[in-house]
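These notes are about the structure you will find just below.
Quick note on labels: first sequence line is chain A, next is B, and so on, each numbered from 1. Side-chain atoms are counted along with the backbone in the values below, which use heavy atoms only and exclude waters and symmetry mates.
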Number of protein chains: 2
Amino acid sequence: MVQKSKKPPSAAKIAAPVAPKRRGRPRAYEPDVALGKALDLFRRDGFAATSLDDLSAATGMNRPSLYGAFGDKRELYIKSYQRYRDDARAAMADIFRSDAPLRERLERIYRIALDIYLSGESGPRGCFTVMTAASEAVSDPDIRNMVVEGLTELDKAFGICFRHAKERGELPEGADPASLAHLASATIHTIAIRARARVPRRELEAIVKGALDVMCAAK
Amino acid sequence: MVQKSKKPPSAAKIAAPVAPKRRGRPRAYEPDVALGKALDLFRRDGFAATSLDDLSAATGMNRPSLYGAFGDKRELYIKSYQRYRDDARAAMADIFRSDAPLRERLERIYRIALDIYLSGESGPRGCFTVMTAASEAVSDPDIRNMVVEGLTELDKAFGICFRHAKERGELPEGADPASLAHLASATIHTIAIRARARVPRRELEAIVKGALDVMCAAK
DNA sequence: GGAATTTAGTGCGAAATGGTACAAAAAAGT
DNA sequence: ACTTTTTTGTACCATTTCGCACTAAATTCC
């Protein structure tokens with residue numbers, strides 16, 4: 001009975017390309033793709049170095065429209081970050097939920113991570129959580145909380161992975177899932193950083209392989 | 001005649017607090033402390049969000065003096081980064097060179113790292129190499145090269161550590177020093193990032209302990 | 001004491017920045 | 001046809017930003 005009549009958030013993708021007949025002048029942009037463009041810019045240059053003019057040019061929206069649709073620059077940044085998190089979570093959710101052996105699951109997670117971090121026409125983008133931690137997180141409490149959330153979410157996902165693996169006997173008795181999860185996150189962070197320094201994919205994959213050898217206790 | 005009469009670069013620290021009787025009006029600032037202040041600002045806010053006015057206020061130098069002493073903003077940033085690297089290297093060099101057991105050496109390294117990352121009156125500062133990778137490194141080749149240098153320098157130092165430990169029998173036969181070194185660097189990176197998200201020192205120390213348990217193969 | 005030299009400090013200027021007011025435009029409702 | 005609603009697009013404003021002339025000050029050399 002408590003049906004939310006605003007707008008169907010998840011059904012929008014498939015079920016609502018039918019125009020809902022809004023009242024006034026129609027938008028000249030698609031909010032989703034515009035937010036994607038903004039995200040890409042923020043990921044490349046960071047908050048401070050990205051101007052509203054840049055954002056306006058990239059999204060095709062003029063500044064007043066930008067402001068009306070997403071709020072001021074900071075709000076747009078926050079929405080971009082949420083979008084980033086949603087995308088990343090969606091890309092990894094299936095793998096984290098799967099029942100494949102530990103090593104295979106981790107390999108697939110890191111493959112996706114590298115895809116994300118190395119994408120971008122004008123150079124690799126790295127991890128937006130790491131970028132935000134490195135910039136706005138110290139001074140902006142709200143943004144900082146989102147970053148902490150992003151970090152712990154990954155820790156937890158890895159933690160479940162390792163705990164599950166241990167239960168299935170894939171890890172030695174003494175293995176501590178929490179510590180291994182932090183190491184797995186640390187490996188994510190180090191490849192994200194190195195990706196932005198334009199370290200080639202091959203090297204990053206080698207780092208991942210070495211980390212997996214240790215974490216999965218391959219002898 | 002080929003005598004370089006400019007200024008003695010390395011002897012300056014100890015041997016030359018005696019005024020060398022420079023020619024014109026004396027400086028109203030000490031370049032070293034000014035650079036330190038600039039570094040602190042850059043570490044807090046990053047390149048783009050730090051204005052010349054901020055730098056001028058923090059160093060006590062007016063803009064033309066700043067410009068004359070260090071060049072433009074980018075050059076000042078580069079010099080600040082070099083200073084950061086020099087300081088960090090100096091703080092860790094003894095430990096890396098020491099003959100203490102692996103675990104003890106690593107513990108001391110991470111203690112110093114946390115001291116560096118958590119210092120700063122207005123909040124933790126994190127690692128400047130990580131911050132720079134997360135911002136300027138993609139677009140500025142010179143800065144990127146310095147970042148890569150910083151990353152590999154740490155990898156190598158850790159690598160020597162682990163190789164040495166393996167030779168002394170502190171590590172199992174199958175251990176791969178290079179992989180362990182990357183994991184050690186990754187742990188540095190992850191605590192640097194979390195520090196900026198204001199994760200308390202206790203938690204960071206716990207992460208380090210867990211990582212050491214794995215890396216040192218404590219059973 | 002005066003010339004030479006080096007730095008400090010004021011202040012300017014051109015460009016960029018974040019944000020908004022306001023009118024024109026494009027659609028639906030009546 | 002007219003009103004209402006929503007968005008667009010131009011134009012503008014106040015502020016900030018970077019960089020640099022240019023003058024005043026402080027010191028050494030002769």
Exercise. From C:dA27, D:dT27, D:dT17, pick the nucleotide closest to the side chain of A:Pro26?
Worked result: C:dA27
For this session: Send over the distance from B:Tyr77 OH to D:dC18 P, rounded to a whole Å.
Result: 14 Å
Exercise. What is the distance, rounded to the nearest whole Å, between atom CG of A:Asn62 and atom C1' of C:dA24?
Worked result: 13 Å
Seminar exercise, completed: Checking C:dA26, C:dA8, C:dT10 against the side chain of B:Pro64 (C-beta onward), the nearest is C:dT10
Exercise. Would you say A:Ser98's side chain and A:Ile95's backbone share a donor-acceptor pair under 3.5 angstrom?
Worked result: yes
For this session: Would you kindly give the CG-to-P distance between A:Leu55 and C:dA16, to the nearest whole Å?
Result: 16 Å
Exercise. Do you see a donor-acceptor pair shorter than 3.5 Å between the side chains of A:Arg194 and A:His189?
Worked result: no
Exercise. Between the side chain of A:Arg196 and the main-chain N/O of A:Arg125, is any donor-acceptor distance below 3.5 Å?
Worked result: yes
For this session: Using whole Å, report how far CG of A:Leu66 lies from P of D:dT7.
Result: 13 Å
Exercise. Does A:Ser56 reach the main-chain N or O of A:Met61 with its side chain, forming a donor-acceptor pair under 3.5 Å?
Worked result: yes
Problem set entry | N or O in side chain of A:Ser65 less than 4.0 angstrom from D:dT7 OP1/OP2 | no
For this session: Rounded to the nearest angstrom, tell me the gap between atom CZ in A:Arg25 and atom P in C:dA25.
Result: 9 Å
For this session: Report which part of the nucleic acid B:Thr50 touches: base, sugar-phosphate, or nothing (heavy-atom distance under 4.0 Å, all strands).
Result: sugar-phosphate
Seminar exercise, completed: Nearest-nucleotide check on DNA chain C, B:Tyr29 vs A:Asp72; residue mapping nearer the 5' end is B:Tyr29
Exercise. Between A:Arg22 and D:dT7, does any side-chain N or O lie under 4.0 Å from OP1 or OP2?
Worked result: yes
For this session: Send over the distance from B:Arg27 CZ to D:dA25 C1', rounded to a whole Å.
Result: 16 Å
Exercise. When you check the phosphate oxygens OP1 and OP2 of C:dT20, does a side-chain N or O of A:Tyr67 lie under 4.0 Å from one of them?
Worked result: yes
For this session: Could you check B:Ala49 against A:Ala28 and say which one's nearest nucleotide on DNA chain D is further toward the 5' end?
Result: A:Ala28
Seminar exercise, completed: Of B:Leu52 and B:Arg23, the one whose closest nucleotide on DNA chain D sits nearer the 5' end is B:Leu52
Exercise. Does the C:dG9 base have a donor-acceptor partner in the side chain of B:Arg63 within less than 3.5 Å?
Worked result: no
Exercise. Would A:Asp176 and A:Arg163 pass as an ion pair if we require N to O under 4.0 Å?
Worked result: no
For this session: May I have the distance from A:Lys73 (atom NZ) to C:dA16 (atom C1'), rounded to whole angstrom?
Result: 12 Å
